[in-house]
Amino acid sequence: MTSRIEEAINVLKMNDRGDYTVPTNRLYPYQWNWDSGFTALGLWHLDKNRAWLELASLLNAQWKDGMVPHIVFRQNDPDYFPGPGVWQTKTSPSTSGHSQPPVLASIVWEMVQMGGLDDSNKAREIFPDLLSYHRWFCEARDPKKSGVIGIIHPWESGRDNCPDWDIGLAGVDVPNNIGEYIRRDTVHVDSDQRPTGYQYDRFLTIVNFGRKVGWNHEIIYNDGPFLMADPGVQFIFLRATKDLLEMARYLGQDSTLHEIEDWVERFEAGSEWLWNEKVGGYCARDLRTGKFSNGLTNASMLSFYAGVGSVEQQNKSIDNCRRIMKACKFAMPSWDPQHPGFESHRYWRGPVWAIMNYMIARGLSDAEFEDLAFRVTSDTKSLIEENGMAEYFDPLAGKGLGGMNFSWTAAIYLDLCRDSLTRDSGGIVKRAIAHGVN
Ligand code: GLC
(Lines give C-alpha, C1' and ligand atoms only; values in the text may rest on other atoms or scores of the structure.)
Protein backbone atom coordinates (compact mmCIF):
# COMPACT_ATOMS: atom_id res chain seq x y z
CA MET A 1 0.00 0.00 0.00
CA THR A 2 1.19 3.45 -0.82
CA SER A 3 2.09 5.43 2.28
CA ARG A 4 0.52 8.81 2.89
CA ILE A 5 3.93 10.41 2.34
CA GLU A 6 4.19 8.82 -1.08
CA GLU A 7 0.61 9.82 -1.81
CA ALA A 8 1.36 13.44 -0.87
CA ILE A 9 4.38 13.47 -3.18
CA ASN A 10 2.27 12.01 -5.95
CA VAL A 11 -0.44 14.64 -5.48
CA LEU A 12 2.11 17.42 -5.89
CA LYS A 13 3.43 15.71 -9.01
CA MET A 14 -0.06 15.25 -10.48
CA ASN A 15 -0.90 18.89 -9.90
CA ASP A 16 2.44 20.16 -11.23
CA ARG A 17 2.03 22.28 -14.37
CA GLY A 18 5.73 22.96 -14.98
CA ASP A 19 6.46 26.16 -13.11
CA TYR A 20 3.33 26.30 -10.97
CA THR A 21 1.02 23.87 -9.18
CA VAL A 22 -2.79 23.82 -9.40
CA PRO A 23 -4.68 23.35 -6.11
CA THR A 24 -6.36 20.29 -7.62
CA ASN A 25 -7.25 19.07 -11.08
CA ARG A 26 -10.54 20.31 -12.67
CA LEU A 27 -12.11 22.10 -9.66
CA TYR A 28 -9.24 24.65 -9.50
CA PRO A 29 -7.31 24.58 -12.80
CA TYR A 30 -5.21 27.75 -12.30
CA GLN A 31 -2.55 29.09 -9.93
CA TRP A 32 -3.86 30.42 -6.61
CA ASN A 33 -1.86 32.83 -4.45
CA TRP A 34 -1.77 31.37 -0.95
CA ASP A 35 -2.11 27.81 -2.27
CA SER A 36 1.18 28.33 -4.13
CA GLY A 37 2.77 29.71 -0.96
CA PHE A 38 1.95 26.62 1.10
CA THR A 39 2.69 24.34 -1.83
CA ALA A 40 6.17 25.84 -2.11
CA LEU A 41 6.78 24.91 1.52
CA GLY A 42 5.87 21.27 0.81
CA LEU A 43 7.86 21.22 -2.41
CA TRP A 44 10.88 22.61 -0.59
CA HIS A 45 11.25 19.30 1.25
CA LEU A 46 11.39 17.47 -2.08
CA ASP A 47 13.06 19.78 -4.57
CA LYS A 48 14.29 23.21 -3.47
CA ASN A 49 14.61 24.66 -6.96
CA ARG A 50 11.07 23.67 -7.84
CA ALA A 51 9.84 25.31 -4.62
CA TRP A 52 11.51 28.62 -5.51
CA LEU A 53 10.14 28.35 -9.04
CA GLU A 54 6.62 28.08 -7.62
CA LEU A 55 7.06 31.43 -5.87
CA ALA A 56 8.85 33.05 -8.81
CA SER A 57 6.04 32.10 -11.20
CA LEU A 58 3.44 33.57 -8.85
CA LEU A 59 5.43 36.77 -8.49
CA ASN A 60 5.70 36.99 -12.27
CA ALA A 61 2.02 37.81 -12.21
CA GLN A 62 2.48 40.60 -9.66
CA TRP A 63 0.78 43.82 -10.72
CA LYS A 64 2.82 46.98 -11.32
CA ASP A 65 1.39 48.50 -8.15
CA GLY A 66 2.68 45.55 -6.06
CA MET A 67 -0.51 43.51 -5.71
CA VAL A 68 -0.08 39.75 -6.01
CA PRO A 69 -3.43 38.58 -7.42
CA HIS A 70 -5.43 35.74 -5.95
CA ILE A 71 -5.65 33.74 -9.22
CA VAL A 72 -3.29 33.65 -12.22
CA PHE A 73 -5.03 32.49 -15.40
CA ARG A 74 -2.45 31.10 -17.80
CA GLN A 75 -5.07 29.69 -20.17
CA ASN A 76 -8.83 29.78 -20.39
CA ASP A 77 -10.24 26.65 -18.77
CA PRO A 78 -13.98 26.06 -19.19
CA ASP A 79 -13.95 23.94 -16.00
CA TYR A 80 -13.73 27.06 -13.81
CA PHE A 81 -16.09 29.98 -13.29
CA PRO A 82 -15.55 32.97 -13.06
CA GLY A 83 -12.61 32.84 -15.48
CA PRO A 84 -10.50 35.58 -17.09
CA GLY A 85 -13.37 36.78 -19.31
CA VAL A 86 -15.37 37.77 -16.24
CA TRP A 87 -12.52 39.51 -14.39
CA GLN A 88 -11.08 41.34 -17.43
CA THR A 89 -8.11 42.78 -15.58
CA LYS A 90 -6.20 43.48 -18.83
CA THR A 91 -2.95 42.26 -17.25
CA SER A 92 -0.43 39.89 -18.70
CA PRO A 93 -0.73 37.10 -17.67
CA SER A 94 -4.41 37.61 -16.98
CA THR A 95 -5.37 37.39 -13.35
CA SER A 96 -8.20 38.01 -10.91
CA GLY A 97 -8.58 41.55 -9.58
CA HIS A 98 -7.84 41.31 -5.85
CA SER A 99 -5.41 39.51 -3.55
CA GLN A 100 -5.48 36.71 -0.94
CA PRO A 101 -4.00 36.18 2.56
CA PRO A 102 -0.35 37.27 2.19
CA VAL A 103 1.48 34.21 3.50
CA LEU A 104 4.38 34.55 1.06
CA ALA A 105 6.92 36.38 3.22
CA SER A 106 6.37 33.92 6.08
CA ILE A 107 6.86 30.94 3.80
CA VAL A 108 10.00 32.45 2.29
CA TRP A 109 11.41 33.19 5.74
CA GLU A 110 10.71 29.61 6.79
CA MET A 111 12.53 28.29 3.72
CA VAL A 112 15.50 30.56 4.42
CA GLN A 113 15.69 29.44 8.04
CA MET A 114 15.58 25.76 7.08
CA GLY A 115 17.97 26.19 4.16
CA GLY A 116 21.42 27.32 3.19
CA LEU A 117 23.19 29.94 1.12
CA ASP A 118 21.25 29.12 -2.07
CA ASP A 119 17.97 29.74 -0.29
CA SER A 120 19.20 33.07 1.06
CA ASN A 121 20.24 34.09 -2.44
CA LYS A 122 16.85 33.17 -3.88
CA ALA A 123 15.13 35.08 -1.08
CA ARG A 124 17.32 38.11 -1.77
CA GLU A 125 16.22 38.06 -5.42
CA ILE A 126 12.52 38.21 -4.59
CA PHE A 127 12.80 40.40 -1.49
CA PRO A 128 11.92 43.61 -3.41
CA ASP A 129 8.76 41.94 -4.76
CA LEU A 130 7.70 40.87 -1.27
CA LEU A 131 8.36 44.37 0.03
CA SER A 132 6.24 45.98 -2.68
CA TYR A 133 3.47 43.43 -2.03
CA HIS A 134 3.37 44.51 1.62
CA ARG A 135 3.53 48.17 0.64
CA TRP A 136 0.51 47.58 -1.61
CA PHE A 137 -1.45 46.13 1.33
CA CYS A 138 -0.56 49.17 3.46
CA GLU A 139 -1.57 51.67 0.80
CA ALA A 140 -4.50 50.04 -1.01
CA ARG A 141 -6.04 48.14 1.90
CA ASP A 142 -5.41 50.68 4.67
CA PRO A 143 -5.32 54.06 2.89
CA LYS A 144 -6.32 55.90 6.07
CA LYS A 145 -3.40 54.35 8.00
CA SER A 146 -5.68 53.02 10.72
CA GLY A 147 -3.69 49.80 11.10
CA VAL A 148 -6.69 47.72 9.98
CA ILE A 149 -6.67 45.93 6.63
CA GLY A 150 -9.95 46.09 4.70
CA ILE A 151 -10.80 43.28 2.32
CA ILE A 152 -12.98 44.14 -0.67
CA HIS A 153 -14.32 40.63 -1.39
CA PRO A 154 -14.83 37.53 0.80
CA TRP A 155 -12.57 35.73 -1.68
CA GLU A 156 -9.76 38.04 -0.60
CA SER A 157 -9.95 36.44 2.86
CA GLY A 158 -9.43 32.97 1.36
CA ARG A 159 -12.32 31.88 3.64
CA ASP A 160 -14.95 32.42 1.00
CA ASN A 161 -18.31 31.63 2.58
CA CYS A 162 -17.50 31.95 6.29
CA PRO A 163 -20.40 33.36 8.35
CA ASP A 164 -18.00 36.25 9.08
CA TRP A 165 -19.05 37.80 5.77
CA ASP A 166 -22.81 37.47 6.22
CA ILE A 167 -23.17 41.01 7.60
CA GLY A 168 -21.11 42.52 4.78
CA LEU A 169 -22.83 40.48 2.08
CA ALA A 170 -26.26 41.49 3.37
CA GLY A 171 -25.47 45.03 2.20
CA VAL A 172 -24.59 43.97 -1.37
CA ASP A 173 -27.42 44.82 -3.80
CA VAL A 174 -27.73 42.14 -6.44
CA PRO A 175 -29.04 43.34 -9.83
CA ASN A 176 -31.92 41.39 -11.40
CA ASN A 177 -29.90 40.05 -14.33
CA ILE A 178 -27.18 38.43 -12.14
CA GLY A 179 -28.85 34.98 -12.47
CA GLU A 180 -27.47 34.52 -16.00
CA TYR A 181 -24.36 32.52 -15.13
CA ILE A 182 -23.46 28.85 -14.77
CA ARG A 183 -21.43 27.77 -11.75
CA ARG A 184 -18.82 25.11 -12.38
CA ASP A 185 -17.81 24.30 -8.78
CA THR A 186 -21.03 22.40 -8.03
CA VAL A 187 -20.41 20.18 -11.05
CA HIS A 188 -17.28 18.84 -9.31
CA VAL A 189 -18.32 18.84 -5.63
CA ASP A 190 -21.66 18.23 -3.80
CA SER A 191 -23.50 21.52 -3.54
CA ASP A 192 -24.04 21.05 0.22
CA GLN A 193 -20.24 21.37 0.66
CA ARG A 194 -20.04 24.62 -1.34
CA PRO A 195 -21.26 28.24 -0.99
CA THR A 196 -24.97 28.81 -1.59
CA GLY A 197 -26.54 30.57 -4.61
CA TYR A 198 -27.35 33.59 -2.40
CA GLN A 199 -23.65 34.00 -1.60
CA TYR A 200 -22.48 33.37 -5.16
CA ASP A 201 -24.78 36.11 -6.52
CA ARG A 202 -23.14 38.55 -4.13
CA PHE A 203 -19.61 37.32 -4.88
CA LEU A 204 -20.22 38.03 -8.56
CA THR A 205 -21.84 41.41 -7.94
CA ILE A 206 -18.62 42.54 -6.22
CA VAL A 207 -16.48 41.22 -9.10
CA ASN A 208 -18.72 43.03 -11.60
CA PHE A 209 -18.24 46.29 -9.69
CA GLY A 210 -14.45 45.89 -9.80
CA ARG A 211 -14.52 45.18 -13.51
CA LYS A 212 -16.72 48.23 -14.19
CA VAL A 213 -14.29 50.57 -12.44
CA GLY A 214 -11.29 49.01 -14.23
CA TRP A 215 -9.98 47.46 -11.00
CA ASN A 216 -9.15 50.86 -9.61
CA HIS A 217 -8.56 49.92 -5.98
CA GLU A 218 -9.03 53.43 -4.63
CA ILE A 219 -12.59 53.47 -5.99
CA ILE A 220 -13.23 49.89 -4.88
CA TYR A 221 -12.05 50.60 -1.32
CA ASN A 222 -14.09 53.80 -1.05
CA ASP A 223 -17.26 52.94 -2.97
CA GLY A 224 -17.28 49.17 -3.57
CA PRO A 225 -20.16 46.99 -2.34
CA PHE A 226 -18.14 45.25 0.41
CA LEU A 227 -15.44 46.34 2.86
CA MET A 228 -14.68 44.30 5.96
CA ALA A 229 -11.83 43.76 8.39
CA ASP A 230 -10.77 40.12 8.59
CA PRO A 231 -8.81 38.68 11.53
CA GLY A 232 -7.37 36.16 9.06
CA VAL A 233 -5.82 38.63 6.63
CA GLN A 234 -4.98 41.07 9.44
CA PHE A 235 -3.05 38.48 11.47
CA ILE A 236 -1.46 36.72 8.50
CA PHE A 237 -0.31 40.09 7.18
CA LEU A 238 1.04 41.17 10.56
CA ARG A 239 2.93 37.90 11.04
CA ALA A 240 4.26 38.06 7.46
CA THR A 241 5.40 41.66 8.07
CA LYS A 242 7.25 40.57 11.21
CA ASP A 243 8.83 37.74 9.23
CA LEU A 244 9.74 40.17 6.46
CA LEU A 245 11.47 42.35 9.05
CA GLU A 246 13.49 39.41 10.41
CA MET A 247 14.41 38.46 6.88
CA ALA A 248 15.40 42.04 6.00
CA ARG A 249 17.76 42.08 8.99
CA TYR A 250 19.16 38.67 8.10
CA LEU A 251 19.70 39.55 4.44
CA GLY A 252 21.18 42.96 5.26
CA GLN A 253 18.37 44.99 3.64
CA ASP A 254 19.06 47.84 6.05
CA SER A 255 17.43 50.63 4.06
CA THR A 256 14.04 48.90 4.40
CA LEU A 257 14.05 48.29 8.16
CA HIS A 258 12.51 51.56 9.23
CA GLU A 259 9.56 51.26 6.87
CA ILE A 260 8.81 47.68 7.90
CA GLU A 261 9.14 48.46 11.62
CA ASP A 262 6.53 51.21 11.18
CA TRP A 263 4.13 48.74 9.57
CA VAL A 264 4.54 46.29 12.46
CA GLU A 265 3.73 49.00 14.96
CA ARG A 266 0.76 50.28 12.95
CA PHE A 267 -0.92 46.90 12.44
CA GLU A 268 -0.24 45.70 15.98
CA ALA A 269 -2.05 48.77 17.30
CA GLY A 270 -4.85 48.48 14.69
CA SER A 271 -5.56 44.86 15.58
CA GLU A 272 -7.23 46.04 18.79
CA TRP A 273 -10.19 47.23 16.67
CA LEU A 274 -11.01 43.59 15.91
CA TRP A 275 -11.29 42.59 19.57
CA ASN A 276 -14.90 41.70 20.35
CA GLU A 277 -15.33 41.79 24.12
CA LYS A 278 -18.80 40.28 23.89
CA VAL A 279 -17.45 36.97 22.60
CA GLY A 280 -13.98 37.19 24.11
CA GLY A 281 -12.02 36.98 20.88
CA TYR A 282 -11.02 38.67 17.63
CA CYS A 283 -13.85 38.86 15.09
CA ALA A 284 -14.48 40.16 11.59
CA ARG A 285 -15.99 43.64 11.48
CA ASP A 286 -17.65 45.78 8.84
CA LEU A 287 -15.32 48.70 8.21
CA ARG A 288 -18.09 51.09 7.19
CA THR A 289 -20.69 50.38 9.87
CA GLY A 290 -18.38 49.11 12.64
CA LYS A 291 -20.70 46.12 13.09
CA PHE A 292 -19.06 42.95 14.44
CA SER A 293 -19.50 39.39 13.34
CA ASN A 294 -20.36 37.65 16.60
CA GLY A 295 -18.75 34.26 16.17
CA LEU A 296 -15.26 32.85 16.53
CA THR A 297 -13.47 31.17 13.67
CA ASN A 298 -10.17 29.45 13.05
CA ALA A 299 -8.93 32.90 11.89
CA SER A 300 -9.70 34.30 15.38
CA MET A 301 -7.15 31.78 16.69
CA LEU A 302 -4.42 33.34 14.55
CA SER A 303 -3.96 36.17 17.07
CA PHE A 304 -1.17 34.09 18.64
CA TYR A 305 0.46 33.65 15.25
CA ALA A 306 0.48 37.45 14.88
CA GLY A 307 1.59 37.90 18.51
CA VAL A 308 -1.16 40.32 19.54
CA GLY A 309 -3.37 40.70 22.61
CA SER A 310 -2.93 41.53 26.29
CA VAL A 311 -2.57 38.68 28.80
CA GLU A 312 -6.24 39.05 29.61
CA GLN A 313 -7.27 38.90 25.95
CA GLN A 314 -5.04 35.90 25.37
CA ASN A 315 -6.59 34.07 28.31
CA LYS A 316 -10.09 34.71 27.01
CA SER A 317 -9.11 33.45 23.56
CA ILE A 318 -7.52 30.37 25.09
CA ASP A 319 -10.65 29.60 27.15
CA ASN A 320 -12.67 29.74 23.92
CA CYS A 321 -10.08 27.66 22.12
CA ARG A 322 -10.32 24.90 24.77
CA ARG A 323 -14.13 25.04 24.72
CA ILE A 324 -14.24 24.70 20.92
CA MET A 325 -11.72 21.86 20.95
CA LYS A 326 -13.82 20.02 23.52
CA ALA A 327 -16.87 20.30 21.29
CA CYS A 328 -15.06 18.82 18.26
CA LYS A 329 -13.32 15.55 17.64
CA PHE A 330 -10.86 17.38 15.39
CA ALA A 331 -9.53 20.92 15.84
CA MET A 332 -9.82 23.68 14.58
CA PRO A 333 -13.23 24.22 13.00
CA SER A 334 -13.74 27.23 10.73
CA TRP A 335 -16.78 28.39 12.74
CA ASP A 336 -17.66 28.00 16.41
CA PRO A 337 -19.59 24.69 16.66
CA GLN A 338 -21.66 26.08 19.55
CA HIS A 339 -22.79 29.09 17.55
CA PRO A 340 -25.77 29.24 15.14
CA GLY A 341 -24.76 28.79 11.52
CA PHE A 342 -22.27 25.98 12.14
CA GLU A 343 -22.34 23.37 9.36
CA SER A 344 -19.75 20.65 9.82
CA HIS A 345 -19.39 19.90 6.11
CA ARG A 346 -19.93 23.23 4.35
CA TYR A 347 -16.60 24.69 3.29
CA TRP A 348 -15.66 27.61 5.60
CA ARG A 349 -18.76 27.33 7.82
CA GLY A 350 -17.41 24.50 9.99
CA PRO A 351 -14.78 22.28 8.34
CA VAL A 352 -11.11 22.03 9.37
CA TRP A 353 -8.44 23.23 6.93
CA ALA A 354 -4.85 21.90 7.20
CA ILE A 355 -3.25 25.22 6.19
CA MET A 356 -5.11 27.13 8.91
CA ASN A 357 -4.12 24.48 11.45
CA TYR A 358 -0.47 24.85 10.40
CA MET A 359 -0.52 28.57 11.25
CA ILE A 360 -2.65 28.18 14.39
CA ALA A 361 -0.31 25.54 15.80
CA ARG A 362 2.74 27.72 15.16
CA GLY A 363 1.11 30.64 16.95
CA LEU A 364 -0.01 28.57 19.93
CA SER A 365 3.47 27.12 20.22
CA ASP A 366 5.09 30.59 19.99
CA ALA A 367 2.83 31.70 22.83
CA GLU A 368 3.82 28.59 24.79
CA PHE A 369 0.43 26.88 24.81
CA GLU A 370 2.21 23.69 23.81
CA ASP A 371 -0.62 21.31 24.76
CA LEU A 372 -3.01 23.11 22.42
CA ALA A 373 -0.42 23.37 19.65
CA PHE A 374 0.16 19.63 19.97
CA ARG A 375 -3.57 18.89 19.75
CA VAL A 376 -3.94 20.98 16.56
CA THR A 377 -0.92 19.37 14.92
CA SER A 378 -1.81 15.81 15.84
CA ASP A 379 -5.43 16.31 14.71
CA THR A 380 -4.18 17.59 11.35
CA LYS A 381 -1.99 14.52 10.97
CA SER A 382 -4.75 12.11 11.96
CA LEU A 383 -7.27 13.70 9.60
CA ILE A 384 -4.88 13.38 6.68
CA GLU A 385 -3.71 9.90 7.63
CA GLU A 386 -7.27 8.65 7.92
CA ASN A 387 -8.70 10.40 4.86
CA GLY A 388 -5.94 11.33 2.44
CA MET A 389 -5.29 14.72 0.80
CA ALA A 390 -8.81 16.18 0.99
CA GLU A 391 -9.46 19.91 0.54
CA TYR A 392 -11.03 20.15 4.03
CA PHE A 393 -12.39 17.89 6.78
CA ASP A 394 -15.48 17.48 8.92
CA PRO A 395 -14.46 18.40 12.53
CA LEU A 396 -17.09 16.08 14.07
CA ALA A 397 -17.04 13.01 11.81
CA GLY A 398 -13.43 13.43 10.63
CA LYS A 399 -14.44 12.84 7.00
CA GLY A 400 -12.47 14.28 4.03
CA LEU A 401 -14.56 16.76 2.00
CA GLY A 402 -14.51 18.99 -1.10
CA GLY A 403 -11.92 18.31 -3.80
CA MET A 404 -9.53 15.37 -3.35
CA ASN A 405 -5.79 15.20 -4.19
CA PHE A 406 -5.34 18.71 -2.86
CA SER A 407 -1.91 20.33 -3.15
CA TRP A 408 -1.90 22.39 0.03
CA THR A 409 -3.06 19.47 2.18
CA ALA A 410 -0.28 17.34 0.67
CA ALA A 411 2.24 20.14 1.24
CA ILE A 412 1.29 20.60 4.89
CA TYR A 413 1.46 16.85 5.41
CA LEU A 414 4.98 16.74 3.97
CA ASP A 415 5.99 19.62 6.23
CA LEU A 416 4.56 17.78 9.24
CA CYS A 417 6.63 14.75 8.20
CA ARG A 418 9.78 16.75 7.56
CA ASP A 419 11.86 14.60 9.92
CA SER A 420 10.91 11.35 8.17
CA LEU A 421 11.69 12.95 4.83
CA THR A 422 15.17 13.87 5.99
CA ARG A 423 15.81 10.37 7.36
CA ASP A 424 14.23 8.29 4.57
CA SER A 425 16.78 5.54 4.99
CA GLY A 426 14.88 3.11 2.77
CA GLY A 427 14.94 5.56 -0.13
CA ILE A 428 11.17 5.15 -0.70
CA VAL A 429 10.68 8.89 -0.78
CA LYS A 430 13.65 9.46 -3.05
CA ARG A 431 12.23 6.93 -5.51
CA ALA A 432 8.78 8.51 -5.28
CA ILE A 433 10.26 11.91 -6.03
CA ALA A 434 12.18 10.56 -9.00
CA HIS A 435 9.49 8.37 -10.59
CA GLY A 436 6.14 9.16 -9.06
CA VAL A 437 4.02 6.59 -7.25
CA ASN A 438 1.26 4.62 -8.90
C1 GLC B 1 -11.20 28.17 -2.41
C2 GLC B 1 -10.68 28.56 -1.03
C3 GLC B 1 -9.46 29.45 -1.19
C4 GLC B 1 -8.43 28.71 -2.02
C5 GLC B 1 -9.01 28.23 -3.35
C6 GLC B 1 -8.08 27.30 -4.11
O7 GLC B 1 -11.66 29.28 -3.10
O8 GLC B 1 -11.65 29.17 -0.26
O9 GLC B 1 -8.95 29.80 0.05
O10 GLC B 1 -7.32 29.51 -2.25
O11 GLC B 1 -10.19 27.52 -3.13
O12 GLC B 1 -7.72 26.21 -3.33
Side-chain angles (χ1 to χ4, degrees), residues 11-12 14-15 17 20-42 54 58 61 68-74 77 79-83 86-87 95-104 107 151 153-165 169 183-191 193-196 199-200 202-204 206-207 230-233 236-237 284 297-299 302 333-335 343 345-359 389-393 400-412:
V11 164
L12 292 184
M14 271 178 348
N15 294 337
R17 298 291 178 271
Y20 71 98
T21 309
V22 296
T24 189
N25 205 17
R26 310 277 319 259
L27 179 63
Y28 296 115
Y30 301 112
Q31 182 174 25
W32 262 258
N33 179 330
W34 70 329
D35 294 67
S36 264
F38 290 112
T39 299
L41 179 65
E54 184 77 25
L58 179 66
V68 181
H70 104 286
I71 311 176
V72 186
F73 304 112
R74 289 214 170 68
D77 194 317
D79 259 334
Y80 184 81
F81 177 87
V86 178
W87 292 89
T95 70
S96 65
H98 57 68
S99 197
Q100 244 190 344
V103 296
L104 297 183
I107 300 288
I151 57 163
H153 195 301
W155 286 340
E156 197 157 54
S157 73
R159 302 182 297 119
D160 307 4
N161 69 332
C162 182
D164 272 354
W165 319 127
L169 287 178
R183 283 175 67 171
R184 303 294 307 177
D185 58 326
T186 42
V187 174
H188 304 296
V189 172
D190 278 355
S191 56
Q193 296 174 25
R194 297 287 306 176
T196 60
Q199 285 151 355
Y200 234 81
R202 279 150 188 83
F203 294 164
L204 282 181
I206 308 171
V207 171
D230 166 22
V233 169
I236 289 169
F237 178 73
T297 67
N298 46 0
L302 291 176
S334 42
W335 182 248
E343 292 178 79
H345 52 265
R346 198 187 286 279
Y347 215 35
W348 291 95
R349 299 177 87 88
V352 175
W353 295 72
I355 47 137
M356 295 296 289
N357 276 8
Y358 161 86
M359 294 183 286
M389 311 300 143
E391 185 178 7
Y392 45 94
F393 305 87
L401 300 166
M404 293 310 288
N405 298 322
F406 230 82
S407 296
W408 66 12
T409 308
I412 294 299

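One-based numbering, in listed order, for ligands and for the atoms of each.
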Atom 12 (O) of ligand 1 sits nearest the protein heavy atom D35 OD2, 2.7 Å
Any N or O on W408 sitting closer than 3.5 Å to an N or O of ligand 1?
no
Scanning both residues in full, the closest heavy-atom pair of L58 with N33 reads CD2-O, 3.6 Å
Tightest non-hydrogen contact, residues Y20 and Y30, listed as CE1-C, 4.1 Å
Atoms of ligand 1 under 4.0 Å from any heavy atom of D160, numbered from 1 in the order shown, are 1 (C), 2 (C), 7 (O), 8 (O)
Q) Can H70 and S96 be counted as having a side-chain donor-acceptor contact under 3.5 angstrom? A) yes
Min over P23, G232, G158 of heavy-atom distance to atom 3 (C) of ligand 1 lands on G158
A student checking ligand 1 against F406 at a 4.0 Å heavy-atom cut-off should list atoms 12 (O)
Is E391 in polar range of ligand 1, meaning some N or O pair under 3.5 Å apart? no
Pairing donors with acceptors under 3.5 angstrom, does anything connect the side chains of S407 and N15? yes
If we number the atoms of ligand 1 from 1 as shown, the ones under 4.0 Å from a heavy atom of W34 are 3 (C), 4 (C), 9 (O), 10 (O)
Going by distance only, is there an N or O of R159 that falls short of 3.5 Å from an N or O of ligand 1? no
Scan side-chain atoms only and decide if Q31 and S36 contain a donor-acceptor pair under the 3.5 Å cut-off. yes
Heavy-atom side-chain contact between D185 and Y80 under 4.5 Å: no
Closest to atom 1 (C) of ligand 1 (heavy atoms only, candidates W353, Y347, F38, W32) is Y347
Logged contact type for W155 with ligand 1, heavy-atom cut-off 4.0 Å, is neither
### Atom CZ of R26: over 12 foreign heavy atoms under 6.0 Å
no
